Amino acid sequence: MIRSVVRAGQILKELGSGAPRLGVTELSERLAMPKATVYGLLRALEQEDLVERDAETGKYRLGPAVVQLGNAYLDGNELRARSLLWADSLAARVVEAVRVGVLVGANVVVVHHVFRPDDSVQMLEVGAAIPWHASALGKAIVAHLDPADRAALLEGGLPTLTGWTIVEPERLAASLAQVGRVGFAVEDQEAVVGEAEIAAAVFGREGVVGAIGVAGPAERLIGEGPHSDVLAAVREIARRVSKDMGARASAVPHRH
């Protein structure tokens, strides 16, 4: 029973990894599972509306119940709840978009997103999963994990998203050490060409719980270096959210 639950979870994660639809054979090959097992689990997941089958292609995609579960997770996420007003304040202060993220496996999942306060066309990113190493949010979080957990992430798969993505473990380790020293992380076009992000970790009672950051066009946000006013604002708001999350003052980095 436990093995079936694990395998069903793997199927759901694979369907949510970016491919719009996958067939039984494709899932079997990707997950190294027997096709009969994959088919049986898909039928069970379909009964619970966690996946749905395309009538024309016979392939599967995530179902509507996944949205309900995702919304329930967001509604119950303490970091999101505690950061709502602070994120709005940060966006108004720096006139850029703000994202709040948590680490889930090797990805950062955006749990809250405030649009840049202007009339530009923007896409809501809540629920988006970004490889940790290609995100300032991810780097800010991983820099403050236990050494063993940090090492495991550095040794895992590090996909290349753009020509600027850093995938060498040694370079990433040095970058994380720098994040720990200065109290913020920077991402320069490593996830999306032309976009950058500045983020700082948020701490709770037991350590790092996520991160909050400012995202925008690379030329405007970091130019020849991170904008000092944005840096100050991000670190200040991260400290304030950490306080609301119950972090001890000694656990929150204070950098100048």
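Please read all numbers here as calculations on a predicted model, not as lab measurements.
Every pair passing salt bridge (charged side-chain N to carboxylate O under 4.0 Å, His left out) that includes a residue from residues 89-101 is listed here, sequence neighbours excluded: R93-E236, E96-R116, E96-R220, R99-E125, R99-E197. Note on residues 133-151: pairs passing salt bridge (charged side-chain N to carboxylate O under 4.0 Å, His left out), not counting sequence neighbours, are K139-E190.
Smallest separation of non-hydrogen atoms from A211 and I141: CB-CG1, 3.7 Å. Heavy atoms only, all atoms of each residue included: G101 and V108 are closest at CA-CG1, 4.0 Å. For A238 against A200, the heavy-atom pair with the smallest separation is CB-CB, 3.7 Å. Across all non-hydrogen atoms, the minimal contact from G105 to L153 is O-CD2, 3.8 Å. The shortest non-hydrogen separation linking L79 to G210 is CD2-CA, 3.8 Å.
No side-chain donor-acceptor contact under 3.5 Å links R205 to the backbone of G246. T37 places no side-chain N or O within 3.5 Å of a backbone atom of M33 that could act as its donor or acceptor partner. In this structure a side-chain-to-backbone donor-acceptor pair under 3.5 Å is missing from S135 to W132. In terms of modelled atom types and a separation under 3.5 Å, the side chain of E195 and the main chain of Q189 share no donor-acceptor contact.
Of the inter-residue distances, the one linking K59 atom NZ with L42 atom CG reads 13.0 Å to the nearest 0.5 angstrom. How far CG of L45 is from CZ of R53: 15.0 Å, rounded to the nearest 0.5 Å. Once rounded to the nearest 0.5 Å, the distance linking CD1 of I237 with CZ of R235 reads 13.0 Å. Expressed to the nearest 0.5 Å, how far CD1 of I11 lies from CG of L22 amounts to 10.5 Å. For the atom pair OG1 of T160 and CD1 of I166, the computed distance is 11.0 Å after rounding to the nearest 0.5 Å. Rounded to the nearest 0.5 Å, atoms CD (E78) and CG (D244) are 9.5 Å apart.
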### Task
Let me see the working for D188 and I222 under side chain to side chain contact (heavy atoms under 4.5 Å, CB included), right down to the final yes or no.
CA-CA 8 Å; D188 181 8; I222 59 177; 3.4 Å; yes

(request) Could you check V142 against L176 for side chain to side chain contact (heavy atoms under 4.5 Å, CB included), going step by step and ending with a plain yes or no? (result) CA-CA 7 Å; V142 174; L176 294 176; 3.8 Å; yes

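With 3.5 Å as the limit, one finds no donor-acceptor pair spanning the side chains of Q10 and R7.
Within the 4.5 Å cutoff, side-chain heavy atoms of L221 are placed close to those of V214. Considering only heavy atoms from C-beta on, V182 stays 4.5 Å or farther from L231 through its side chain. Between V167 and P159 there is no side-chain heavy-atom pair separated by less than 4.5 Å. At a threshold of 4.5 Å between non-hydrogen side-chain atoms, the residues S83 and V202 do not count as touching.
With a 4.5 Å cut-off between side-chain heavy atoms of Ile, Leu, Val, Met, Phe, Trp and Tyr, the cluster of W164 takes in V193.
Between R21 and D54, at least one side-chain N (NZ, or NE/NH1/NH2) sits under 4.0 Å from a carboxylate O, which counts as a salt bridge.
For Y39, the OH atom sits in a loose shell: 12 or fewer heavy atoms of surrounding residues, nucleotides or ligands are nearer than 6.0 Å. For CG of L84, the number of neighbouring non-hydrogen atoms (other residues, nucleotides, ligands) closer than 6.0 Å is greater than 12.
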